[in-house]
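Here's the structure, in structure tokens; my notes come after.
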Amino acid sequence: MTRIYLDNASTTPVAPEIVAEMMPFFEERFGNASSIHAYGQVARNALELAREELAKEIGAKPSEVFFASSGTEADNLAIKGVAFAFLGKPIHIISSALEHKAVLESLEWLRKKFGVAIDFVAHDANGRLDLDDLKRKIRPNETRLISIMHANNELGNINPIKDIAAIAKAHGVLFHCDAVQSAGKLPLNVEELGADLMTISGHKFHAPKGIGAIYVRTGTPMESLLHGGTHERNRRASTENVAFGVALAKALKLANACLDETNARVLSLRNAFLDALRNEGVPFALNGDQENCLPHILNLSFPIPPSRKLASDVLLLALDAEGVAVSNGSACASGAEKPSHVLLALGKSEPEAKASARVSFSKFNALDEVAEAARRFANALKRLL
Ligand code: PLP
């Protein structure tokens, strides 16, 4: 049985041209970018070129771009780094219950350890944010940061970032945008979006896992979290990962160069999958804001009777047995799948959230794979519905 990978919002395969781009930095160009000798300078030049390319792709200055080991690290740095810059003063941060755990758990940690006040902006049953509620929640001289993702990793919803940034700016509040899911799918220009901080992760757009970046607008107060050297201009101590930094910049450049073409192709895969599911007679409902969504993410609920007492991973395991890889909520530390916090926050019951799956496509999926995946969905669901 050939396996079909439809979990591209979790991670994507590394593109062959990205592997080729990295290889010299594992071989003859292996130097430490912080060394003064020729080996070091070769690595340094490559890293700074990558930083310039990355900055250009997001409309920033190279001095505003810092490499990090992941989207999670970059989100932690944005949120904790800004909060630490205001320690000793009242600190209030506004976010959304629909954010990634990298944001939510950083906020929860700040609340527990430092008494930082946290509020979540209200949303409707499709995950659309209520911007009037956001305005109401801003506390003069206390709200330091608004952190809202560009696009939701489970639903695909695209948030009205420019409007949110304008609200933040009008109130003198910093704005962080987690753009991990939108990078390589939507144009990301920090000036147009109005972000003071923005975070991305390479493995969502065909670079390797373990490399991300954070944009920090010049003058933004942000403490470092890692100490032990002057790397990344004192923002992040660690010997630089030159190969992965180069890969990150190249992958974003490649993705942006054919954004419209890739999105059109991925959208046609998504629509073909939905048509095939309907043709197979599979009953489903779509979750999220269908008018404003990324083309590559689908979130589907199936009317599996609650009497089945579905464990969260039963649906995924049934699909995996059919050779189809998809996902639902995030894996918790024990390895068991919890129901998605996003679907629960939309008002779904636990059984409903457990009877849902996120299906996500990439340019490497083929049309016939998608039709075959729908057939296998029908097989798997026959046993559960
Ligand atoms: N933020 C969002 C929206 C994500 O989807 C993810 C990963 O799924 C992350 C942050 C974390 O990125 P990483 O996997 O690079 O740690």
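Along the sequence shown, the residues carry numbers beginning at 1. Whatever order the structure lists ligands and atoms in, that order sets their numbers, starting from 1.
Ranking the protein heavy atoms by distance from atom 7 (C) of ligand 1 puts Lys204 NZ, 2.9 Å first. Of the protein's non-hydrogen atoms, His100 CD2, 3.3 Å is the one closest to atom 4 (C) of ligand 1. Of all protein heavy atoms, the one closest to atom 16 (O) of ligand 1 is Thr72 OG1, 2.5 Å. For atom 1 (N) of ligand 1, the closest non-hydrogen atom of the protein is Asp178 OD2, 2.7 Å.
Annotation for ligand 1: atoms under 4.0 Å from non-hydrogen atoms of Gln181 are 5 (O). Within the listing of ligand 1, atoms 3 (C) sit less than 4.0 angstrom from a heavy atom of Met149. Atoms of ligand 1 lying under 4.0 Å from any heavy atom of Ser70, numbered from 1 in the order shown and given with element: 15 (O), 16 (O). Atom numbering of ligand 1 starts at 1 in the shown order; those under 4.0 Å from a heavy atom of Ser201 are 13 (P), 15 (O).
A salt bridge links Glu48 to Arg51: at least one charged side-chain nitrogen sits closer than 4.0 Å to a carboxylate oxygen. The pair Arg136-Asp132 fails the salt-bridge criterion, with no side-chain N (NZ, NE, NH1 or NH2) lying under 4.0 Å from an Asp/Glu carboxylate O. Ion pair Glu57/Lys250 not flagged as a salt bridge, since none of the NZ, NE, NH1 or NH2 atoms sits closer than 4.0 Å to an Asp/Glu carboxylate oxygen. Between Arg111 and Glu108 there is a salt bridge, with a side-chain nitrogen of the basic residue lying less than 4.0 Å from a carboxylate oxygen of the acidic one. Glu64 has no carboxylate O lying under 4.0 Å from a charged side-chain N of Arg233, or vice versa, which leaves the two without a salt bridge.
Checked by distance only, ligand 1 and His203 come closer than 3.5 Å through their nitrogen or oxygen atoms. Not a single N or O atom of Val180, backbone or side chain, sits closer than 3.5 Å to an N or O atom of ligand 1.
Residue contacts with ligand 1 for Asp75 involve side-chain atoms from C-beta outward but no N, CA, C or O (heavy atoms, distance under 4.0 Å). The proximity of Lys209 to ligand 1, defined as any non-hydrogen pair under 4.0 Å, does not occur for either the backbone or the side chain.
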**Working for side chain to side chain donor-acceptor pair (under 3.5 Å), residues Asp130 and His123** = CA-CA 5 Å; Asp130 177 347; His123 57 257; over 6 Å; no

**Request:** Show your reasoning for whether side chain to side chain donor-acceptor pair (under 3.5 Å) applies to Ser238 and His231.
**Result:** CA-CA 6 Å; Ser238 286; His231 313 87; over 6 Å; no

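Between the side chain of Lys204 and the backbone N or O of Ser10 there is at least one donor-acceptor pair closer than 3.5 Å.
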